[in-house]
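Lettering follows sequence order; numbering is per chain, from 1. On a predicted model such as this, the values are computed, not experimentally measured, just so you know.
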Number of protein chains: 2
Amino acid sequence: MANSDISQPLMSANLSMLAFQRLEQAIMAGELQPGERLSEVTLAKRYGISRGPLREAIGRLEGRNLVERVANQGARVVSLNEAQILDLLVIRESLEGMACRLAATRIKPAELKRLHGMLDSHARDARVVSEKGYFQGGGDLDFHYRIVRASGNERLIKMLDEDMYSLLRLFRQRLSTAPGRPAQALEEHRVVLAALDARDPDAAEAAMRTHIRNSRASINHIIAVRAEAEVA
Amino acid sequence: MANSDISQPLMSANLSMLAFQRLEQAIMAGELQPGERLSEVTLAKRYGISRGPLREAIGRLEGRNLVERVANQGARVVSLNEAQILDLLVIRESLEGMACRLAATRIKPAELKRLHGMLDSHARDARVVSEKGYFQGGGDLDFHYRIVRASGNERLIKMLDEDMYSLLRLFRQRLSTAPGRPAQALEEHRVVLAALDARDPDAAEAAMRTHIRNSRASINHIIAVRAEAEVA
DNA sequence: TAGGCGTAAACTGTCAACAATTACGAGGGC
DNA sequence: GCCCTCGTAATTGTTGACAGTTTACGCCTA
């Protein structure tokens, strides 16, 4: 899933892990939508396994906050309301700001060059220029992903790349960008990259946090608009 | 465990949840030490349950990064090296800084008063005055805990109070304070509280981050000292 | 005596059956 | 007609047994 790492340890051979990965993937792909119930017999039959390993897989998903369970009533894909999504974005601002700070001193010149190429490519991208809003799951996430990886803090990388981004992707339909946002986002990306070029940790963290805060504010705008629409 | 919340939903009645809670507690209490192997048959027998629910519980713990599993070889309590602990503390600096920022605008006057009382009590505490190092799991964590709760961001509260603190408590023997640190820490707490009093988000975040960064540096010192000792 | 091989024990992984709880619908009472 | 109750079906919770893998021990050989 857009994860170019080939070296996935491929630690499986046991059905429990396999079921976990397939379930996670199904949730991420929207095959299982937020709030949807996870029937044990159905899923076990679909994956051709017994309910034992399946329950174990569901347990792991529960530990990662991807599903919620109520006793004797089954598990559901987690469903976040607007306030919870905003809470999540606040956390993302904090963590990714720190990641960007670390990257400022640790990122390698070759990676910097690659990021420059990326932004140049974005500038030529019709979807940015025409402001139609493309910044979901495309080049935008790739830019963030690479900076986070450059932080060198393995746990931080895992929290953001594996948990945070995948969770936010779940609600991407509610994270549509406000008009004019893509062009502004690209400009903010350039500010972030300039700070990294300058090897300035304070500026890098500040730039990234501003970027994410603006993005969050644009979501806020959307929500307000939708709320009005619902009243009408 | 020092969690004064009475209203724990007490959602059990199923053995899997019960096993999960008991295992988590056992790990936190040091009954099961980092790196120790989790034998399924032994634990199942000890808790008087079958291996099915137990495996489910272990799965949940794995999802929360409290245990690691290798195929056909069993699960172990997670064990972090010094670098990983430092990585964790960097993340804590980031998240708790944000929590403190949020608390600056959201904390209630009554809670502020309580924090003042707490620090005054710390100042009278013999262990702080004599600089013998008490700041592990005692009043220090309570101070942080209350500020985090005041942030109002439920997910952030969960990440810090449930995941981060409990994980760090696991390695408290390696987080012993440097000489003179308790008194300094108390002073830093006062700076944090002053910023909260002033309702100044920037100052609050900065003060908290400085506090945690200093604490991390003191750990660094300890590690360096121990490394020397090992050479000798 | 040291090293390698083979067997056996212990452990994890998986399954199908059983128990308990919940949800749903039909029937009867008010 | 509406609501409560009871019974049945469906679903989750749990168990003990079976299969596959790893590990450890002892024996044999060089």
Rounded to the nearest angstrom, tell me the gap between atom OH in A:Y47 and atom P in C:dT14.
16 Å
Would you say a side-chain N or O of B:R51 is under 4.0 Å from OP1 or OP2 of D:dT15?
no
Please determine whether a side-chain nitrogen of the Lys or Arg among A:R209 and A:E93 lies less than 4.0 Å from a carboxylate oxygen of the Asp or Glu.
yes
How many Å lie between CD on B:E56 and P on D:dT14, as a whole number?
8 Å
Within this structure, what is the CG-to-P distance between B:L15 and C:dC18, rounded to whole angstrom?
20 Å
d(CG, B:L54; P, C:dC11) in whole Å
14 Å
Name the closest nucleotide to the B:N72 side chain, picking from C:dG13, D:dT15, C:dT14.
C:dG13
Would you kindly say whether A:D140 and A:H122 are connected by a side-chain donor-acceptor distance under 3.5 Å?
no
Compare side-chain N and O positions of B:R37 against OP1 and OP2 of C:dA10 and report whether any pair is under 4.0 Å apart.
no
Does A:R216 pair with A:E96 as a salt bridge, N-O distance under 4.0 Å?
no
Phosphate oxygens OP1/OP2 of D:dT23: is one of them under 4.0 Å from a side-chain N or O of B:Q73?
yes
Mind calculating the distance between CZ (A:F20) and P (C:dT14) to the nearest angstrom?
15 Å
Got a salt bridge between A:E24 and A:R64, using NZ or NE/NH1/NH2 to carboxylate O under 4.0 Å?
yes
Reckon A:P53 touches a base, only the sugar-phosphate, or nothing at all at heavy-atom distances under 4.0 Å?
sugar-phosphate
Base, sugar-phosphate, or nothing for B:I58, non-hydrogen atoms under 4.0 angstrom?
nothing
Nearest to the side chain of A:S16, which nucleotide is it out of C:dT14, C:dG13, D:dG13?
C:dT14
Separation of B:L18 atom CG from D:dT14 atom P, in whole Å?
9 Å
Between P of D:dT11 and CZ of A:R55, the distance in whole Å
14 Å
If you look at every strand shown and take non-hydrogen atoms under 4.0 Å, does B:G52 touch a base, only sugar-phosphate, or nothing?
base
Nearest listed nucleotide, side chain of B:V41, among D:dG13, C:dC11, D:dT11:
C:dC11
Which whole-number value in Å describes the distance from B:R76 CZ to D:dT22 C1'?
13 Å
Is there a side-chain contact between B:H211 and B:H144 in this structure, where contact means two heavy atoms from C-beta onward sitting under 4.5 Å apart?
yes
